[in-house]
Every structure is written in C-alpha cells, then in structure tokens.
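To start, the structure itself, in structure tokens.
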Amino acid sequence: MLGLGLCLWAAPVQAAPDFFPLRVGDWWKYKVQSGGKTTDFTIKVVKQQGERILVETTSTQVIQDWYSHPSGWVLIHQTIYPASKLKADLKPPRKLLKNPLVPGEKWDYKGTGIMGVSLEEHNLVGAAREVKVAAGTFQAVHLDTKVTQGNARVLKSYDYADGVGLVRSHTETGGVKSD
C-alpha cells in the first residue's frame, strides 16, 4: 500500500533590513575624536508616543531628538537642547535616512533647522563594506551627506549596519574633522 502525505514547509520570515533601529531601551555608546580631544557620548531610545520616538544623546550636554520610522524612511521632526531651552522644529521633517539603504540611491532635503536657519542636504548611498571599530567588525553600507546650513558647509560620511545602526561617522566642517 502506498500512502501520500502532505508536508508543508515554510521558510522563516526574514525581517526587512533596518539600518536605524529605534526600539525603546536600545542604546549605543560612541567616542568622538576632534581636534586631538576625545569625547564619549551615549544615545538612548527613551520612549515612543504614537508614531514619534524620543532619542536622547548625552555628552557634554543633553540633546533630545524626536524621530519617526515610517516604512522606507527615518525622519527627524524636532531637536531640543533642554539646558538652553533651544528647540528646532524641522519643517518639513528631515529625511535622515532611507531605510533600507540601497547602494546608488540618492535623496535630498530642503527645509529649516535650528533657529529657523535654512538647511539643505544631498545624500548618496555608497557600497556595502566591512567596517572595523572598537565595538567589532560590521558589514555596513556607506552614506555620504553634503550639508549646507545657512552659509556653513559640512561634509559627513556614515557607515550603517543592518540591525545595529550607525557604526562609524566622519564630519568635516571648515578645517575641523571629527571621527
């Protein structure tokens, strides 16, 4: 006698790549070197209110950023400096990161930043590459950003790892470089 059986097999569902995870309680610790000085800072996802997510950066001062994480983007809506009571409502919300990052993609942002100063950014996603930092070795996607805020020009480069977030950054403004 021959019997027929039915076997169902389902492949595991793989989460979509996320180069800027914003889960409440997640935190990252970084060291920044600029002008021969090293500064430590911590970034922590503090809370979520509806679609908005509060991320707090602690270093020489506290900075609070309100993000949202709609499908395909990471947007920043507001930056607050509690000690000085300075606040920037980004209008429209700033397109911080296309998510997931795909090499060759570009996006621009034009709006207002801190104290209503005009802000313009041009972003270009580069190739995936291996990045070695103190926390380990990561497969990361490179992003170059050219910023003009008021009359100041800033060049930034970032490396983001899927499921981790920012693993390395470099900023040049005037003659000052920060890593």
Side-chain angles (χ1 to χ4, degrees), residues 15-34 38-102 105 107-117 119-123 125 131 133-136 138-147 149 154-171 173 178-179:
D18 189 354
F19 290 87
F20 203 92
L22 290 168
R23 298 172 298 255
V24 173
D26 283 359
W27 58 273
W28 300 262
K29 213 172 211 32
Y30 296 94
K31 288 188 181 295
V32 174
Q33 295 179 342
S34 181
T38 301
T39 305
D40 292 329
F41 68 98
T42 302
I43 298 174
K44 183 176 183 182
V45 182
V46 177
K47 67 181 175 181
Q48 184 166 353
Q49 291 179 338
E51 295 295 314
R52 301 275 175 99
I53 303 159
L54 176 61
V55 177
E56 195 167 85
T57 302
T58 305
S59 184
T60 55
Q61 65 176 315
V62 174
I63 303 169
Q64 298 173 327
D65 291 306
W66 283 95
Y67 292 89
S68 65
H69 205 263
S71 180
W73 288 101
V74 175
L75 304 176
I76 184 165
H77 298 265
Q78 185 180 64
T79 298
I80 302 167
Y81 297 86
S84 64
K85 297 185 174 120
L86 191 59
K87 178 172 81 169
D89 290 308
L90 298 153
K91 303 230 188 249
R94 184 172 142 226
K95 293 178 177 177
L96 179 70
L97 193 68
K98 188 138 174 74
N99 200 19
L101 290 168
V102 176
E105 286 194 331
W107 71 93
D108 296 323
Y109 171 80
K110 191 171 187 175
T112 57
I114 198 96
M115 296 172 48
V117 175
L119 176 64
E120 190 171 325
E121 290 186 352
H122 304 282
N123 300 276
V125 181
V131 176
V133 293
F138 300 89
Q139 272 306 116
V141 177
H142 189 74
L143 174 66
D144 284 317
T145 303
K146 294 179 183 177
V147 180
Q149 187 161 1
V154 181
L155 299 175
K156 298 181 177 191
S157 65
Y158 305 99
D159 290 291
Y160 289 94
D162 180 23
V164 176
L166 181 66
V167 293
R168 181 171 56 189
S169 72
H170 175 80
T171 302
T173 180
S178 299
D179 288 299

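Below, all heavy atoms of this structure are taken into account, side chains as well, without hydrogens, waters or symmetry copies.
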Any heavy-atom pair between the side chains of [Y] and [X] that's under 4.5 Å?
X    : Y    : answer
L75  : P70  : yes
V102 : V125 : no
H142 : S157 : yes

Excluding sequence neighbours, so at least two apart, what forms side chain to side chain contact (heavy atoms under 4.5 Å, CB included) with [X]?
X    : result
S84  : Y81, L86
D179 : H170
K47  : Q49, L54, W66

side-chain hydrogen bond (donor to acceptor under 3.5 Å, both in side chains) pairs, two or more places apart, involving residues 50-59
R52-H77, E56-Q64
For residues 87-98, which residue pairs pass the side-chain hydrogen bond (donor to acceptor under 3.5 Å, both in side chains) check, not counting sequence neighbours?
Q78-D89, R94-E121
For [X], all residues meeting ring pair (Phe, Tyr, Trp, His ring centres under 6.0 Å), sequence neighbours excluded:
X    : value
W107 : W73
Y109 : none
F138 : none
Y160 : Y158

Counting only N and O atoms by type, is there a donor-acceptor contact under 3.5 Å from the side chain of H69 to the main-chain atoms of F20?
yes
For L166, is there any backbone N or O sitting under 3.5 Å from a side-chain donor or acceptor partner on Y30?
yes
Supply the atom-to-atom distance [X] [atom1] to [Y] [atom2], rounded to the nearest 0.5 angstrom.
X    : Y    : atom1 : atom2 : answer
D162 : D18  : CG    : CG    : 7.0 Å
F41  : T60  : CZ    : OG1   : 10.5 Å
L143 : F19  : CG    : CZ    : 11.0 Å
D159 : R168 : CG    : CZ    : 5.0 Å
L90  : I76  : CG    : CD1   : 6.0 Å
N123 : K146 : CG    : NZ    : 11.0 Å

Residues in salt bridge (Lys or Arg N to Asp or Glu O under 4.0 Å) contact with D26, at least two apart in sequence or another chain
R23
Contact summary for V131 and A140, nearest pair of heavy atoms
CG2-CB, 3.8 Å
Go through the structure and list residues passing side chain to side chain donor-acceptor pair (under 3.5 Å) with E120, not counting sequence neighbours.
H122
Can you name the residues that form a side chain to side chain donor-acceptor pair (under 3.5 Å) with S34, not counting sequence neighbours?
S178
